Number of protein chains: 2
Amino acid sequence: MSAQELKQAKKAVEFNRESLESVLKRRFFFAPSFELYGGVSGLYDYGPPGCALQANIVDAWRKHFILEEDMLEVDCTMLTPHEVLKTSGHVEKFSDWMCQDPKSGEIFRADHLVEEVLEARLKGDKEARGVASQPAEEDADKKKRKKKVKQIQVIKLEDDVVKEYEEILAKIDGYSGEELGELMEKYNIGNPVTGEKLEPPKAFNLMFETAIGPSGQLKGYLRPETAQGQFLNFNKLLEFNNSKVPFASACIGKSFRNEISPRSGLLRVREFLMAEIEHFVDPNNKKHHRFDAVKDVTLKFLPKEVQESGSTVPIETTIGDAVASGMVDNETLGYFIARIYQFLVSIGVDPERMRFRQHMSNEMAHYASDCWDAELHTSYGWIECVGCADRSAYDLTVHANKTKTAMVVRERLDEPIQIKKWEIDFAKKLFGPKFRKDAPKVESYLLNLSQEELEAKAKELSSEGKIVFQVEGMEGDIELDDKFITIEHRQKTEHVREYVPNVIEPSFGIGRIIYAIFEHSFWSRPEDTARAVLSFPPLVAPTKVLLVPLSNNAELTPVVKKVSEILRSEKIPFKVDDSGVSIGKRYSRNDELGTPFGITIDFESAKDGSVTLRERDSTKQVRGSVADIIAVIRDITYNGVSWEQGTKHLAEFISQSE
Amino acid sequence: MSAQELKQAKKAVEFNRESLESVLKRRFFFAPSFELYGGVSGLYDYGPPGCALQANIVDAWRKHFILEEDMLEVDCTMLTPHEVLKTSGHVEKFSDWMCQDPKSGEIFRADHLVEEVLEARLKGDKEARGVASQPAEEDADKKKRKKKVKQIQVIKLEDDVVKEYEEILAKIDGYSGEELGELMEKYNIGNPVTGEKLEPPKAFNLMFETAIGPSGQLKGYLRPETAQGQFLNFNKLLEFNNSKVPFASACIGKSFRNEISPRSGLLRVREFLMAEIEHFVDPNNKKHHRFDAVKDVTLKFLPKEVQESGSTVPIETTIGDAVASGMVDNETLGYFIARIYQFLVSIGVDPERMRFRQHMSNEMAHYASDCWDAELHTSYGWIECVGCADRSAYDLTVHANKTKTAMVVRERLDEPIQIKKWEIDFAKKLFGPKFRKDAPKVESYLLNLSQEELEAKAKELSSEGKIVFQVEGMEGDIELDDKFITIEHRQKTEHVREYVPNVIEPSFGIGRIIYAIFEHSFWSRPEDTARAVLSFPPLVAPTKVLLVPLSNNAELTPVVKKVSEILRSEKIPFKVDDSGVSIGKRYSRNDELGTPFGITIDFESAKDGSVTLRERDSTKQVRGSVADIIAVIRDITYNGVSWEQGTKHLAEFISQSE
């Protein structure tokens, strides 16, 4: 079978989500958590193969990003005090819109409800017009319908209504709560089962809340992202990096979102593994020294203008051109977009089913100045799996202001520059008698005022003859007149440039990526559709090798033992299957587990030490010495060698058993 | 310097915790989380070297346990619904005793308070008697005192009071809340600063509580251990393992305890990484097939009898003898104790500072039938770092009973056996008309009754003529008379043995182990005590190699590049330090980071391709080709080769620069 034939074979049997789900369940890739207790929606456990797949993907991520780019990995706590997430904006803005049915108490996520109902109406319209929808779409619709919209009503819509619906759907991620409420009003969207009118959308904060300490007085949350921990450590990381910028930190760990009504399996969960990078960069220079290495990577882009025009047809171009034309804002953002693409392809994502969608202005997170999502296509539609945002100087600035701590880069200038700057001087001798032990607090407060604040205080001082302010930890207003302080706008010669770096943040949802890989890797053999295969790349496959003795005859035991020992010492994950069932059955079972290689040990092996190597997808087999075969496995799995190249010196082996 | 001399050198300068802490902080191994916001006690972030050390230890753990023993790794959620932890006993019993000061509101953990106060009094007594305490103890006392007990009062105690105090301290982990209250009463222990009498100890549950879902009605907790997730997946894991027992599952992940007043840095934290194994075993056969391989490992044991006699002098013997004598209950428990020892030594724990302490009957967790802790000695005293408990059949039994789901192993018997068994039959035809759609619920309820419950129901039926019960999801009492059911004690021939496996649980607190390794690895060079070294084993060291060009001369750049490329392709973590400072300074910096090897590139290197390899602890240097040197590094780091053995074919190099 040629590569082309194999590609066709993989697409011969139509994808069926039920078959995939049945394999994932049977082989315990994952399962609903607490199933014995009825389960909790949005929580899943990974079983042994899912856990190994996840660990291999995390390992690949660490090598592709952290090692390759010398990033500084940190491990920060999930428990986060209220104050931090208040400053970051999450307490106020990290929410979805929910609508309650006043009669049944049922709670809906507003944007999902509008989307489903309009999609169902469009579907009904198509049926009424006698137009068949695409099979893939149909399948997606069917699944969604199962959840909320129970029945498609075959009703023809006016042409301009169809157009309106389609435009709304293209922009569905961008509506505010008020706008969603208006849409529900205008298009009469209520409880899809009873038709009952719902209450207007209310913001529901998605963070899990808890109390820290025995008194219960310190309110905290489970982090909604790993980013804040990285920002708060910025000064320490900068120092660790010998004060050089750009540099990146990275964090791999669980985050939490209390989803309103999670469904879609692994795609929308309440506890999930994230891998996030915070790349700190000079706002005046977002060039990237390795951009040249990726500039020719061709990607599918869906910029905001295209979406705002109501279209979903992507622009295919190189990242070099995308940056040059200004579609992607800068080289660093572009560099990471290309690196994300390369990473996803290396772990088994189908490049044909990946696109980069730019956030529309109204859907962008509160901190972002530009954002592109890597979206992967699944039977649930296009799913955001990686975000790549330019968070600008937002986070460092808000935390620095709140805590009165400078979070800046200081760069010695080659040539000193002249600037005008507000400065405050104070009569220290008067501070002691007036404030006693609080004097340092007051001084520190004044020294940490920003340029804008100083300017305002200067005006206050000249117009009122005094300034009035409060200092944390001190009671009442503090007043100082011009005997105590002087504030002036002075010409200064600066030898050091000081700036708050911007942050480019590639943020990976590992669980969603894993689910997309399941769908992209899954196929059924055309000759026997019950035989399913998960074609994971060897690099991430949970187990690399299945060791299969042809029979339980004692003659074969020493060979099994010898091959096992070599594989163990080479640290290649393998399993032995010496159960009594046929070779074909044993391989089928492992095709479902995505095991890329099989080593068959037969009576020849006991005589001459040769073994057979089987490749999972093509079921091709070759024969060679144990050492040769293991070398091939290592080269293909870890060194990126292809099957054809790796096995060209080995004899083909024709099997009787599959 | 010989190995013996090096060992002496490492102990020449007295350990000083402040010096260690200053290095850990300066090199950003870890730092208090949210320090900018004043910090939250019990929460810490790991910086880049701490994070790498942790990742390497986890990796070593995975290889030592999961791969070596073919365990089934799972990844379960941290969010856990109330119901699960109610069944497991955590809602009721997972708590510490806290005492509040009624005046100040300050909260104390009762056992720690009693311990500290009595220790302080003993210290004062020693001073009064003019007896110097051990330097190590003194240091530990000093640190503890800083926290709660501010001042040692030099007061001589009666001899029998000293004895009472010492006996209480030896048993301090075993007291109930009531007993702690009595001790505080009897020995007049109050707020150590004001002397104020405290309220009696109250149980404080250590789980963090949260609400799952938008309605807030599903109460949940952050898991206090990873174990429950593994138990709940038992049936799936058993099936995945082809129904064979014994087998083990394993889980690596964060757990949470809302400590009353955390201190002691990394040793008592509110969020921590655990690695837990649940080894499921036949209760009638706790032999272990690999026990022979470890039976000669010699360990220090502190069995409960010794502690209960008020002593802390350990018994030194082999694990083989400990099991043979019955001190350690069974081979499987003994096997894991020895494997824990081997693991800890391999990652840098000093075997001289490790002991295995058995839990006393009154301190054992509510689920355990026997438990041994691996305790590591630090400047805070002996610290529990690994627990190794026999949880018996407790967990599987309670979850099975609660959820009415069998969690058992079924084993085909070679010879069928005769047993007597309670069985229930019912007149199915009558169930439909009586219960309609609820009939299956009632049947399922009856079929899931235990033998004890059936026996009770049989008695009820014969004495009352009917049985009365409730079924979840159905309203009111259900009554059935003997027209509906028959319950009989019957002689049966069983071909299958059914049993609930017992669980042996080795449970690792990774953060505590890391802290112990910091202390066990830290020393200062006798010739210059300001030069600190962290002697991590190369296997777990954050960075393996520091690459040091002798100067910034362009001639050396190609060699640096070449060596970097080889190290990268060999996946050996390394850093380049081409800063202008002296070689000695650059090495000193990396001694503090625990980097075991240095490669110096000099002008000779540019000519003949040879480089110098420096070993961190001895500062010995050898010279060889790049390929030779990298082979040595790989062999020592990953293949367990010693420095002497690895470098014996290389020429010694005498440095001028250290």
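Because the structure is a prediction, the values reported are computed rather than measured. Within every chain, numbering begins at 1; the chains are lettered A, B, ... in the order of the sequence lines, protein sequences first and strands thereafter.
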A.B. asks: Please find the pair of heavy atoms, one from B:A275 and one from B:I510, that lie closest to each other, and give the distance.
C.D. replies: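 Heavy atoms of B:A275 and B:I510 come nearest at CB-CD1, 4.2 Å.
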A.B. asks: Sort out for me which of B:V74, B:T77, B:T403, B:T210 touches chain A most, counting heavy-atom pairs under 4.5 Å.
C.D. replies: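 Counting heavy-atom pairs under 4.5 Å, the top option is B:T77.
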A.B. asks: Within the 3.5 Å criterion, strictly below it, is a donor on A:T226 or A:Q230 matched to an acceptor on the partner's side chain?
C.D. replies: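 Looking only at side-chain atoms, A:Q230 and A:T226 do form a donor-acceptor pair, the distance falling under 3.5 Å.
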A.B. asks: Select one option (side chain, backbone, both, neither) describing which atoms of B:I66 are under 4.5 Å from chain A's heavy atoms.
C.D. replies: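 For B:I66, no heavy atom lies under 4.5 Å from chain A.
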A.B. asks: Under a 4.5 Å cutoff for heavy-atom pairs, which residue among B:L67, B:L218, B:T87 has the most contacts with chain A?
C.D. replies: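 Winner by heavy-atom pair count: B:T87.
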A.B. asks: Determine the minimum heavy-atom distance between A:F204 and A:N258, stating which atoms define it.
C.D. replies: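 The answer is CE2-O, 3.3 Å.
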A.B. asks: Given the options B:T80, B:L79, B:I212, B:L43, which has more heavy-atom pairs under 4.5 Å with chain A than any of the others?
C.D. replies: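 Answer, by heavy-atom pair count under 4.5 Å with chain A: B:L79.
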A.B. asks: Given 3.5 Å as the limit, does a donor-acceptor pair link the side chain of A:R586 with the main chain of A:V581, or not?
C.D. replies: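 Checking the backbone N and O of A:V581 against the side chain of A:R586, a donor-acceptor pair under 3.5 Å is found.
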A.B. asks: Just give me the residue among A:L72, A:L273, A:N639 that pairs up with chain B most often, heavy atom to heavy atom, under 4.5 Å.
C.D. replies: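 Result: the option with the highest number of such pairs is A:L72.
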A.B. asks: Which bit of B:N242 is near chain A, if near means a heavy-atom gap under 4.5 Å: side chain, backbone, both or neither?
C.D. replies: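 Neither part.
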A.B. asks: As an exercise: rank A:V269, A:N235, A:L232 by heavy-atom pairs under 4.5 Å with chain B and give me the winner.
C.D. replies: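 With the most close heavy-atom pairs to chain B, the winner is A:L232.
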A.B. asks: Counting neighbours of NZ on B:K404 that are heavy atoms of other residues, nucleotides or ligands and sit closer than 6.0 Å, is the number greater than 12?
C.D. replies: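 Yes, NZ of B:K404 has more than 12 neighbouring heavy atoms, counting only those of other groups under 6.0 Å.
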A.B. asks: Between A:K544 and A:L539, is there a donor-acceptor pair closer than 3.5 Å when you use the side chain of the first and the backbone of the second?
C.D. replies: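 Yes; judged by distance alone, with no hydrogens or angles, the pair exists.
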A.B. asks: Looking at A:P573 and A:P542, what are the two nearest heavy atoms and their distance?
C.D. replies: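 Answer, listing the atom of A:P573 first, then A:P542: CB-O, 4.1 Å.
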A.B. asks: May I ask you to decide whether A:E259 forms a salt bridge with A:R109, counting only side-chain N to carboxylate O separations under 4.0 Å?
C.D. replies: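 Salt bridge between A:E259 and A:R109, a charged N being under 4.0 Å from a carboxylate O: yes.
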A.B. asks: Distance alone, cut at 3.5 Å: any donor-acceptor contact between the side chains of B:N590 and B:D577?
C.D. replies: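 The answer is no; no qualifying pair exists.
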A.B. asks: Do you know which of A:P262, A:C51, A:A211 has the most heavy-atom pairs under 4.5 Å to chain B?
C.D. replies: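 Heavy-atom pair counts peak at A:C51.
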A.B. asks: Where does B:M78 contact chain A at under 4.5 Å (heavy atoms): side chain, backbone, both or neither?
C.D. replies: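 Both the backbone and the side chain of B:M78 come within 4.5 Å of chain A.
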A.B. asks: Testing the basics here: between A:E271 and B:C76, what is the closest heavy-atom pair and its distance to 0.1 Å?
C.D. replies: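 Closest heavy-atom pair between A:E271 and B:C76: OE2-O, 4.4 Å.
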A.B. asks: If you count heavy-atom pairs under 4.5 Å between each of A:R568, A:K254, A:M98 and chain B, which one has the most?
C.D. replies: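 Most heavy-atom pairs under 4.5 Å with chain B: A:K254.
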A.B. asks: Using only non-hydrogen atoms and a strict under-4.5 angstrom cutoff, which residues of residues 29-41 of chain A touch chain B?
C.D. replies: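 The stretch touches chain B at A:A31, A:S33, A:F34, A:E35, A:L36, A:Y37, A:V40.
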A.B. asks: Would you indicate whether A:E199, at its atom CD, is surrounded by more than 12 heavy atoms from other residues, nucleotides or ligands within a distance under 6.0 Å?
C.D. replies: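 Buried by this count: over 12 neighbours within 6.0 Å.
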A.B. asks: Look at the side chain of B:R27 and the backbone N and O of B:G47, then say whether any donor-acceptor pair between them is shorter than 3.5 Å.
C.D. replies: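 Not a single qualifying donor-acceptor pair exists.
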A.B. asks: Nearest heavy-atom pair of A:W61 and A:A250: which atoms, and what distance?
C.D. replies: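 Residues A:W61 and A:A250, closest heavy atoms: CH2-CB, 4.1 Å.
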A.B. asks: Which region of A:D96, side chain (C-beta onward) or backbone (N, CA, C, O), has a non-hydrogen atom less than 4.5 Å from a non-hydrogen atom of chain B, or is it both or neither?
C.D. replies: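 When you check distances to chain B, no heavy atom of A:D96 falls under 4.5 Å.
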A.B. asks: Is B:F256 in contact with chain A via its backbone, its side chain, both, or neither, using a 4.5 Å heavy-atom distance?
C.D. replies: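 Answer is side chain: those atoms of B:F256 sit under 4.5 Å from chain A.
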A.B. asks: Can you tell which part of A:L206 gets under 4.5 Å to a heavy atom of chain B, answering side chain, backbone, both or neither?
C.D. replies: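 It is neither, since no heavy atom gets under 4.5 Å.
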A.B. asks: I'd like to know if the side chain of A:S243 and the backbone of A:E239 have a donor-acceptor N/O pair within less than 3.5 Å.
C.D. replies: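 Looks like no, no N/O pair under 3.5 Å.
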A.B. asks: Under a 4.5 Å heavy-atom cutoff, which of A:V84, A:D70, A:I260, A:L237 has the most pairs with chain B?
C.D. replies: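 Sorted descending by pairs with chain B, the first entry is A:V84.
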A.B. asks: With a 4.5 Å cut-off on heavy-atom pairs, point out which of A:G213, A:A55, A:A400, A:G42 contacts chain B the most.
C.D. replies: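 Result: the option with the highest number of such pairs is A:G213.
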A.B. asks: Counting only heavy atoms closer than 4.5 Å, note whether A:T405 contacts chain B via side chain, backbone, both or neither.
C.D. replies: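 Side chain of A:T405 only, per the 4.5 Å heavy-atom cut-off to chain B.
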A.B. asks: Could you tell me which portion of A:Q100 (side chain, backbone, both or neither) has an atom closer than 4.5 angstrom to a non-hydrogen atom of chain B?
C.D. replies: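 Interface part for A:Q100: neither.
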A.B. asks: With a 4.5 angstrom heavy-atom cut-off, is it the side chain or the backbone of A:F240 that approaches chain B, or both, or neither?
C.D. replies: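 Answer is side chain: those atoms of A:F240 sit under 4.5 Å from chain B.
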A.B. asks: Return the set of residues passing side chain to side chain donor-acceptor pair (under 3.5 Å) with A:E209 (not counting sequence neighbours), or none when no residue passes.
C.D. replies: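 A:E209: no side chain to side chain donor-acceptor pair (under 3.5 Å) contacts found.
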A.B. asks: Against chain B, label A:K63 side chain, backbone, both or neither, depending on which of its atoms sit under 4.5 Å from a heavy atom there.
C.D. replies: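 The answer is the side chain of A:K63.
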